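Computed from heavy atoms alone, side chains included, the values below leave out hydrogens, waters and symmetry copies. Remember, it's a predicted structure, so these values are computed and weren't measured experimentally.
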Amino acid sequence: MATLADTFLADLDELSDNEAEIPADDDVDAADMDEDVDGDLADLENLHYEDLDSVSKLQKTQRYIDVIQKVEEALNKGSDVSIQGVDLEDDPEYQLIVECNALSVDIENEIVIIHNFIRDKYRLKFPELESLVHHPIDYARVVKKIGNEMDLTLVDLEGLLPSAIIMVVSVTASTTTGKPLPEEVLSKTIEACDRALALDSAKKKVLDFVESRMGYIAPNVSTIVGSAVAAKLMGTAGGLSALAKMPACNVQLLGAKKKNLAGFSTATSQFHVGYIEQTEIFQTTPPPLRMRACRLLAAKSTLAARVDSIRGDPSGKTGRSLKDEIHKKIEKWQEPPPAKQPKPLPVPDSEPKKKRGGRRLRKMKERYAITDMRKLANRMQFGIPEESSLGDGLGEGYGMLGQAGSGKLRVSAGQSKLAAKVAKKFKEKNYGSSGATSGLTSSLAFTPVQGIELTNPQAHAHQLGSGTQSTYFSETGTFSKIKRT
């Protein structure tokens with residue numbers, strides 16, 4: 001039977017054996033990592049190239065050559081849509097269209113790589129040009145046209161760029177810090193420009209072929225935006241299925257270019273718009289409504305692409321209905337707002353309405369009621385001149401004041417109803433402490449003879465009638481005077 005010490009020693013031996021096996025795996029992983037790093041470094045080194053063939057390899061691939069050859073044969077043969085009963089996925093022409101869509105994406109990427117090569121080489125000659133001309137094909141054409149020429153007044157760029165950009169390029173070239181390129185570098189740059197232009201022409205052929213078959217492949221999308229725009233959308237998206245899976249906000253931006261207005265106004269420029277701006281609907285829409293029309297076209301084109309991707313309506317009826325809906329909405333947007341109708345007056349009510357009344361309203365009317373004096377001042381007697389405050393008709397006129405009697409101003413100041421009512425209520429008030437609600441009243445009376453006496457306020461009326469004593473009360477009834485007999 002093994003002891004505890006022997007068991008520990010056996011475990012240590014096993015650990016040492018496992019540690020001996022680990023370095024072998026580490027060496028394999030380290031070797032793989034070194035290979036990956038070397039491969040990544042090799043790819044990074046290829047980006048800083050001197051040879052164009054090590055960068056642009058698409059034109060020499062067999063796939064590119066076969067697809068371009070089939071496209072040229074199909075364009076020369078013309079459209080043949082006699083196989084209507086065959087499934088779309090099994091149609092060889094549809095397979096060629098799918099290959100064309102994939103190839104167009106590869107061509108776009110290849111043009112971008114060549115554009116970077118041209119910029120790196122031509123930056124020594126004209127470093128400001130890449131910030132003025134953004135499109136790769138336009139940049140390649142301008143570089144090929146300018147070459148090593150330092151004076152751009154001798155170079156005719158008409159037709160290659162807009163006139164505003166041409167003017168800015170000419171002014172910038174006169175103050176540039178660049179120097180002429182060596183012949184070897186210039187020849188590589190011109191070769192890269194030719195290759196980019198060749199790829200662009202091949203892409204146009206592919207798009208022309210796809211456009212000629214769009215009525216069969218995507219009839220609904222072609223009905224809405226046209227065959228040319230539908231082919232460009234499919235080519236940029238990477239196929240009909242990819243276009244159907246794309247959201248409408250991204251479809252709107254397919255083919256959008258960076259706008260360079262060279263300091264000119266941005267009032268008439270349309271941003272965030274791609275190939276959809278080439279459609280007939282977009283061009284016929286008034287400028288203030290074009291962005292709304294662009295969003296609507298992108299949304300309906302996405303719906304039509306989803307119908308075409310499952311072959312839901314080969315006749316294109318769905319596309320025509322969506323197009324009619326687009327036209328109706330745009331026409332609705334252009335309608336003027338309805339004229340503002342005059343609001344008629346409400347029908348008068350013949351029945352008398354209830355008006356608010358009550359004690360508060362009566363008090364207010366009495367307070368602001370016209371007095372008899374004002375009535376006489378506002379009234380004039382025929383044939384008798386009125387007196388005035390300044391005489392001779394100047395100042396404030398007195399009207400009929402003082403004309404009825406001896407000529408003096410006599411107006412009887414009658415007590416108002418409200419004042420009479422208050423006085424009557426005050427007389428009827430109980431001054432005793434037993435029945436009064438106020439704590440200020442008292443039954444104590446101050447007299448100059450006896451001093452403080454207890455009096456009965458309720459016996460006030462009887463005391464006034466007796467002849468043996470006379471009591472004097474103020475109006476408040478708080479002071480009294482008693483005379484002895």
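Between Glu99 and Leu103 the shortest side-chain heavy-atom distance does not fall below 4.5 Å. For the pair Val206/Ile68, a side-chain contact is recorded, criterion being any heavy-atom separation below 4.5 Å from C-beta on. At least one side-chain heavy atom of Phe126 sits under 4.5 Å from a side-chain heavy atom of Val169. A heavy-atom distance below 4.5 Å is found between the side chains of Leu296 and Trp333. You'll find the side chain of Asp106 reaches within 4.5 Å of the side chain of Arg63, heavy atoms only. In this structure, the side chains of Met246 and Leu254 come closer than 4.5 Å at one or more pairs of heavy atoms. Using a 4.5 Å cut-off on side-chain heavy atoms (C-beta onward), Pro136 and Ile114 make no contact. For the pair Phe209 and Leu96, the minimum side-chain heavy-atom distance is below 4.5 Å.
Counting only residues at least two apart or in different chains, side chain to side chain donor-acceptor pair (under 3.5 Å) contacts with residues 174-183 comprise Glu128-Thr176.
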Inset, instruction - Might you work through the side-chain contact (heavy atoms from CB on, under 4.5 Å) test for Ile370 and Asn378, ending with a clear yes or no? - result: CA-CA 11 Å; Ile370 186 170; Asn378 292 339; 3.8 Å; yes
Legend entry - Verdict with supporting geometry, Arg141 and Leu157, side-chain contact (heavy atoms from CB on, under 4.5 Å): CA-CA 9 Å; Arg141 288 172 181 166; Leu157 298 178; over 6 Å; no
Inset, instruction - Carefully, step by step, assess Phe282 and Glu277 under the rule side-chain contact (heavy atoms from CB on, under 4.5 Å). - result: CA-CA 6 Å; Phe282 184 89; Glu277 68 176 347; 3.5 Å; yes
Inset, instruction - Might you work through the side chain to side chain donor-acceptor pair (under 3.5 Å) test for Glu72 and Asn76, ending with a clear yes or no? - result: CA-CA 6 Å; Glu72 291 177 352; Asn76 295 329; over 6 Å; no
Inset, instruction - Check the pair Ile107 / Ile111 against side-chain contact (heavy atoms from CB on, under 4.5 Å), numbers first and verdict last. - result: CA-CA 6 Å; Ile107 291 175; Ile111 290 175; 3.9 Å; yes
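The residues Asp156 and Lys145 are annotated as not salt-bridged, no charged nitrogen and carboxylate oxygen being separated by less than 4.0 angstrom. For Lys332 and Glu335, the salt-bridge test passes: some basic side-chain N is under 4.0 Å from an acidic carboxylate O. A salt bridge between Arg362 and Glu366 is absent, with no side-chain N of the basic residue lying under 4.0 Å from a carboxylate O of the acidic one.
Listed for the Asp138 side chain is no donor-acceptor partner under 3.5 Å among the backbone atoms of His134. A donor-acceptor contact shorter than 3.5 Å links the side chain of Asn148 to the backbone of Leu181. In this structure a side-chain-to-backbone donor-acceptor pair under 3.5 Å is missing from Arg290 to Thr284. Between the side chain of Arg306 and the backbone N or O of Ala244 there is at least one donor-acceptor pair closer than 3.5 Å. A distance-only check finds a donor-acceptor pair linking the side chain of Ser389 to the backbone of Glu396 [under 3.5 Å]. In this structure, the side chain of Arg320 does not engage the main chain of Thr223 through any donor-acceptor pair within 3.5 Å. Looking at Asn220, its side chain never comes within 3.5 Å of a backbone N or O of Asp308 through a donor-acceptor pair. Without hydrogens or angle criteria, Thr236 side chain to Leu233 main chain gives no donor-acceptor distance under 3.5 Å. Of the possible donor and acceptor atoms, one in the side chain of Ser388 sits under 3.5 Å from a partner among the backbone N and O of Leu394. A donor-acceptor pair under 3.5 Å is absent between the side-chain atoms of Lys205 and the main chain of Asp200, judged by distance alone.
The environment of Gln334 atom CD is dense: over 12 non-hydrogen atoms of other residues, nucleotides or ligands sit within 6.0 angstrom. For CZ of Arg374, the number of neighbouring non-hydrogen atoms (other residues, nucleotides, ligands) closer than 6.0 Å is 12 at most. For Arg379, the CZ atom sits in a loose shell: 12 or fewer heavy atoms of surrounding residues, nucleotides or ligands are nearer than 6.0 Å.
The line from CD of Glu130 to CZ of Arg119 is 5.0 Å long, rounded to the nearest 0.5 Å.
In plain terms, the two heavy atoms of Ile224 and Gly319 that are nearest each other are CG1-O, 3.6 Å. Minimum interatomic distance between Ile118 and Ala140 (heavy atoms only, all atoms of both residues): CD1-CB, 4.2 Å.
Cation-pi check for Arg123 over Tyr139 is not met; the charged atom does not lie both under 6.0 angstrom from the ring centroid and within 45 degrees of its normal.
For the residue pair Ser56 / Glu110, a side-chain donor-acceptor distance below 3.5 Å is found, with atom types taken as modelled.
Partners of Thr318 under the side-chain hydrogen bond (donor to acceptor under 3.5 Å, both in side chains) rule, at least two apart in sequence or in another chain, are Asp313.
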